[in-house]
Amino acid sequence: MKKRAYLLILIVIISCLFFILEPSMWDELTKERYSPILKDAPLPEIIVSRVDGEDYSLPNWVESEEFSGYVCGACDNAVSGNMWIGWGDLEPQKGVYDWVILENRLTSLAAQGKTGSLHLLSITVGGSNNGITVSNQVPEWVYEEYGLDPENLPIVGDLFDIIVIPQWREEIRNHFNNLVIALGEEYNNDPRLESVYVHGISNSRGEELWMMQPYLDDIESDWGLTPEVMYDWLSSRIDAYAEAFEGNEYRLAWVGERPAWFQERPDFEQVSRDLIDYAWSKGLGNRHGGVETYTWRLDMDSFANEVVDGYVIVDEGSHIFDGRYFGDENEAYGSTWEWYFGSYHSDPYRYKMAIMRALQSRVRWLWSYPPAEEINPPLSKYARLSFGKTVDNSPDAWARLFEAVINPQYYGGTNIKNFERWLMQRDVEGGMTVPALYYYKGFDSGAGSFYDYTARRTDLISGNNTIYFDLDDNFVVRRECEIKVEILDQEATTWNLIYSYGAEEVSSEDITTDGSGGVETYTLDINGCEFNNGLDFDMDFKLVVTGSKDLVVNLVRVVRDSICGDSTCDAEESCSSCALDCGVCNTNGGNGGNGGNDDDIDDEVITYCGDGFCDSNESCEDCVSDCGICLFEEGWELSGSEIDISGNAVEVVTSGGDYNLIINDISETLSIYDVNAESVTLSVNGVEYIIESGVSKEINVGGYGVFVSYLETNDGIVKLSFKNQWVRSTGSFNVYSIVYLIIYALIIFVIFFFMIRRERKKSKKSSLIG
């Protein structure tokens, strides 16, 4: 009997210990700790400041990288200018080379303080489309020498109805390759020539490397351009450029992708892969085209990118980041490009996303032009100082939070989440974010992406009040740093930042927003940055909502105060730890001096279209991103009385009334009223929701989360979007707590069982005595 009693007591004690020691406590007992020297040190301070609008400021020690920048002849921020020159300009007579045009271009750019980037075109006879005329680039003597009839030549077609010469014929290609060798003999080591592009064949005026049907099959059957012939022709061109610019091959840019686009012809696509591999093996870099469509071909090999679970992952070890030319184009903005991208009112958002995509891809060079860089001057300048930076010398790491709604046939059928540069936001338990700010762009940004959610937010309704961030362990932060958090202040709430410091967690003061509706950037200046993956899920820091409304976040940046190599010998640097800044140690042990530069970004906030504020000089006509969409002149046809959102998003045009809202297996009555140009009110089961113009909000429909977006208005009628967010839980449960509850119930049961059994024995014994 005593043994059973002791056993019962032991079970109770062990169970109570397991119940008391929550998994988080076990984590504290077993987690590997960093920086043990910080155990008795005072906790860091976090000073919070705020500016209205975006903030792309960087420390004043930041300088742009060598061999990087914008390529644009007329841009203020540009390092180099494009020079489009044809074969006929440089070899007007067979074997006679004339460098006058090239010299004049280089001299003109040098007078502006710029170098030149040469596009030497050689196969295009002409073409035109959409008001653009493509001129002849072929010397007249080539037509005569080889009996080529300009009226009967290969057609590449489509975009500009391009006509080309069959330069893949050995005798013609050899002439052009000889010109390339002569060009190198004259200009290989000329500092005025920044880079040279190595072209291919395409239906674009740039002579890139891609073709479409039916022209692709026709040019093979009628003119003999087979995959084998194309490889032989263009690899010999790569050889000629590599020989001509020996020692400076890294300045050469193969204008092709991997794989390039050859419709329905995998054999040609394989050649494009082989050609870029060959160019890389010769020391060349490469240049892409089309970052304006910022979610297009995110998994392309030649970007060293792949898409994993909706996130774009960069292979940092790729040789394309070893200093060779790596660039893209970002030029297509303004009314002249509406034929391709739709209304230019979307330019501010598209430009912002294109710049972030380019930086996420680690490009060194970005082709631009004045109307583009003027869209967002602070961002343009910030990007110029960031091009070509590595994880070792970049002043900041960041995550642009958004979600692009992608055609299910791309990227494994998942949407694209975030552009990230050494800072990752990930959804984990308690930190499951949801996309926020539904935005119909009106143009396809790639992979059928017409819709974006331009930010991410917490989700208090499902018990997720946190946004977690993980800083790349190779991005080393010392001492002071800043974390800049750009939010859209949709609703008044309170939040803070928490990060791990040694064995402790450090929290900022509570930050209260007032629901102004504008973009705000909060800077959290930390005097002790020791990110060590010490938070749950090995995260480095988190944003935690302590108020009653969700936090909507656009951009988060971690800005480090200094690095070895910033030309300043800081307090914790010395000649032994950082000779770059402090100088080489002498025999007396003295430290070198420090330095600096004037290439900085000030903290001034400049207003512009796209800053989130409808300023006095802006309107819906010239700045839809800040001021909303103008009223339409024509009327709309009202939707019916039923809204079925069991599948994808549904757009509803309404002037108010009751609707039968169907979502999966339930049906609810939805009332819409108080319809006006500023807002509309919805009611479900007696709960009211006010949806403001241009804003998205989640409503609860029978336990389901439904995202409602106010898209447009037209004379008392509004267009709303309803999207099913699927089942949403009303609370969060810890699986360990459930296990403990079961154990506790079993303990109680065992205690009562023995108590009842003991009482029965006593009762039986008493009856026998009696």
Side-chain angles (χ1 to χ4, degrees), residues 83-103 105 118-127 134-156 162-188 190 193 195-202 204-209 211 219-220 222-246 248-249 251-256 271 275 278-279 282 284:
M83 302 182 299
W84 294 88
I85 299 178
W87 182 5
D89 296 323
L90 300 185
E91 192 179 2
Q93 299 179 42
K94 181 179 178 182
V96 178
Y97 305 120
D98 185 348
W99 312 115
V100 172
I101 292 178
L102 177 57
E103 272 295 321
R105 301 278 180 84
L118 176 62
H119 292 261
L120 180 52
L121 305 179
S122 65
I123 67 170
T124 303
V125 175
V134 181
S135 59
N136 174 58
Q137 309 295 337
V138 181
E140 289 298 326
W141 62 265
V142 171
Y143 297 104
E144 300 172 2
E145 180 84 9
Y146 298 105
L148 301 177
D149 179 5
E151 302 298 324
N152 181 28
L153 286 171
I155 299 176
V156 183
I162 297 294
I163 302 172
V164 299
I165 62 169
Q167 198 191 77
W168 46 92
R169 292 180 181 174
E170 185 173 3
E171 63 276 16
I172 303 177
R173 83 182 188 196
N174 286 343
H175 276 301
F176 178 74
N177 289 347
N178 289 338
L179 167 65
V180 171
I181 298 298
L183 175 70
E185 291 173 352
E186 194 75 21
Y187 290 98
N188 181 19
D190 192 324
L193 186 60
S195 57
V196 181
Y197 300 92
V198 182
H199 293 271
I201 180 173
S202 78
S204 169
R205 56 181 173 162
E207 296 186 7
E208 286 116 0
L209 188 66
M211 283 190 285
I219 203 170
E220 179 182 30
D222 298 343
W223 294 91
L225 183 61
T226 66
E228 294 77 16
V229 169
M230 188 172 78
Y231 181 83
D232 188 49
W233 163 43
L234 294 178
S235 62
S236 74
R237 173 174 291 190
I238 292 170
D239 286 337
Y241 275 99
E243 178 184 343
F245 291 89
E246 183 178 3
N248 289 293
E249 296 92 345
R251 295 182 178 272
L252 302 174
W254 171 242
V255 186
V271 169
L275 282 170
Y278 189 70
K282 290 288 186 175
L284 280 68

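Side chains are part of it too, since the values below use all heavy atoms of this structure and drop only hydrogens, waters and symmetry mates. Note that the numbering runs from 1 along the sequence shown for the chain.
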Problem - Validation row: Val138, Thr124 side chains within 4.5 angstrom (heavy atoms) - result: no
Practice task
Using modelled atom types only, decide if a donor and an acceptor are shared between the side chain of Ser202 and the backbone of Leu209 within a distance under 3.5 Å.
Solution key: no
Exercise for the section: Give the C-alpha distance, both sets of side-chain angles, the deciding distance and a yes or no for side chain to side chain contact (heavy atoms under 4.5 Å, CB included) between Gln137 and Ile123. Expected result: CA-CA 7 Å; Gln137 309 295 337; Ile123 67 170; over 6 Å; no
Handout entry: More than 12 heavy atoms from other groups under 6.0 Å of CD on Glu171
Key = yes
Handout entry: Cationic N near anionic O, under 4.0 Å, Arg173 to Asp232
Key = yes
Handout entry: Side-chain touch Leu118/Tyr187, heavy atoms, less than 4.5 angstrom
Key = no
Exercise for the section: Test side chain to side chain contact (heavy atoms under 4.5 Å, CB included) on Tyr97 and Asn178 and set out the steps. Expected result: CA-CA 10 Å; Tyr97 305 120; Asn178 289 338; 3.8 Å; yes
Problem - Trace of the side-chain hydrogen bond (donor to acceptor under 3.5 Å, both in side chains) decision for Tyr143 with Asp149 - result: CA-CA 7 Å; Tyr143 297 104; Asp149 179 5; over 6 Å; no
Problem - Side-chain heavy atoms of Met83 within contact of Val196, under 4.5 Å - result: no
Practice task
For Glu208 and Ile201, indicate whether the former's side chain and the latter's backbone hold a donor-acceptor pair under 3.5 Å.
Solution key: no
Handout entry: Main-chain N/O of Glu185 paired to Asn188 side chain as donor or acceptor, under 3.5 Å
Key = no
Handout entry: Ile155, CD1 atom: more than 12 neighbouring heavy atoms under 6.0 Å
Key = no
Handout entry: Asp98: partners by side chain to side chain donor-acceptor pair (under 3.5 Å), with sequence neighbours left out
Key = none
Handout entry: Whether Trp141 and Trp87 hold their rings parallel, tilted or perpendicular, with breakpoints at 30° and 60°
Key = perpendicular
Practice task
Would you indicate whether the side-chain heavy atoms of Pro92 and Pro139 approach each other to under 4.5 Å?
Solution key: no
Exercise for the section: Answer yes or no: is there a side-chain heavy-atom contact under 4.5 Å between Arg237 and Asn177? Expected result: yes
Exercise for the section: May I ask you to decide whether Lys94 forms a salt bridge with Glu145, counting only side-chain N to carboxylate O separations under 4.0 Å? Expected result: yes
Problem - Neighbour count above 12 (heavy atom, 6.0 Å) for Glu170 CD - result: no
Practice task
Please work out whether the ring planes of Phe245 and Tyr241 are parallel, tilted or perpendicular, with thresholds of 30° and 60°.
Solution key: parallel
